[in-house]
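Please read the structure below before turning to the comments.
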Amino acid sequence: MNEVTPVMDAETKVKPVPTLPDAQTVTEVEHYTDRLFRFRCTRPASLRFRSGEFVMIGLMGDPQPETGKQKPLLRAYSIASPSWDEELEFYSIKVPDGPLTSKLQHLQVGDEIILRPKPVGTLVHDALIPGKRIWFFATGTGFAPFASLLREPQTYEDYDEVIITHTCREVGELTYGANLIENLKEDELLNEVIGEGFWKKIKYYPTTTREESPKMGRITDLMRSGEAFKDLGVEPLNPEHDRAMICGNLAFNLELKEMFEEYGLQEGANSKPAQYVVEKAFLD
């Protein structure tokens, strides 16, 4: 009896296999300074997230000398695009000797990244009780979750006023946020969905700490002196109608938390909504 060899067609033989696990393809890259850049990538069809959440993304590490095997290098990154976007956007720092960012900063269109599609995070509307005004406080790349929330219709449905403060060392580091907010004015889709002129609810307050700019100083110092509130034309934070989100470096987060407690605001969470929340999963 002759042994029969199964016949495989060409498609079966050359079936494409992703080079990375949970691979997504980079579709756009833009560099702002020698420390900051953003990129966009494809979005898994099954991915659902709330604006303000983060996912784990990364690349494969270098082969291990002993075995030659590679392990994925993964870090938590806020999704900077809103929940309705067909692609995903990320805003990243560049660290010359950083295990991941030293590689990530060289991404080009067509490259693949690893994306673990399990979004989580505290910077979501569900973690806050209803209020009239929402404050977003960011340093550096901590602007990323607010880039998502500033393009989220619910933000403008829930609040009469949106204040975004962004503190960086140099003027160039403010470019990503400044461009995004300016582009909201011309965003035909958002103006149609949310309402013409929705962006007029936004008050943008950028400051620098090293390079000279129209407004210099740490936001916490400017709040303590009352200068920030005077510039914005608003009263200091009030637990009755003010809500806030924080995303920045550790010292910034702790200082603002202490200030909020002095104002009478209580920290919230997904399981127990309150008046302010802090992203603790990663630090700028």
- Query: Do other residues, nucleotides or ligands put more than 12 heavy atoms under 6.0 Å from Arg210 CZ?
  - Reply: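 Counting other residues, nucleotides and ligands, CZ of Arg210 stays at 12 neighbours or fewer.
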
- Message: I want to know whether Tyr156 and Phe198 have ring centres closer than 6.0 Å.
- Response: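 Yes, close enough.
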
- May I ask you to check whether Phe136 and Tyr205 place their ring centers less than 6.0 Å from one another?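 Aromatic pair excluded; centres sit 6.0 Å or further apart.
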
- Working for ring pair (Phe, Tyr, Trp, His ring centres under 6.0 Å), residues Tyr276 and Tyr263: CA-CA 11 Å; Tyr276 79 91; Tyr263 287 128; over 10 Å; no

- Stepwise salt bridge (charged side-chain N to carboxylate O under 4.0 Å, His left out) check, Lys132 with Glu161: CA-CA 7 Å; Lys132 294 182 178 179; Glu161 195 168 31; over 6 Å; no

List the atom of [X], the atom of [Y], and the distance in Å for their closest heavy-atom pair.
X	Y	value
Asn270	Gly121	ND2-O, 3.0 Å
Leu237	Phe229	CD1-CE2, 3.7 Å
Ile134	Leu128	CD1-CD1, 3.5 Å
Ile164	Ile202	CG2-CG2, 4.0 Å
Glu235	Trp135	O-CZ2, 4.5 Å
Leu88	Ser81	CA-OG, 3.4 Å

- Looking at Arg151, Arg43, Arg40, which hits salt bridge (charged side-chain N to carboxylate O under 4.0 Å, His left out) with Asp85?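 With Asp85 as partner, Arg151, Arg43, Arg40 yield a single salt bridge (charged side-chain N to carboxylate O under 4.0 Å, His left out), made by Arg40.
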
- Message: For Tyr204 and Phe143, take the angle between the two ring planes, folded into 0 to 90°, and tell me which bin it lands in: parallel under 30, tilted 30 to 60, perpendicular over 60.
- Response: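 It falls in the perpendicular class, over 60°.
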
- Item | Side-chain hydrophobic cluster, 4.5 Å single linkage: members besides Met216 |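 Joined to Met216, directly or through intermediates: none.
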
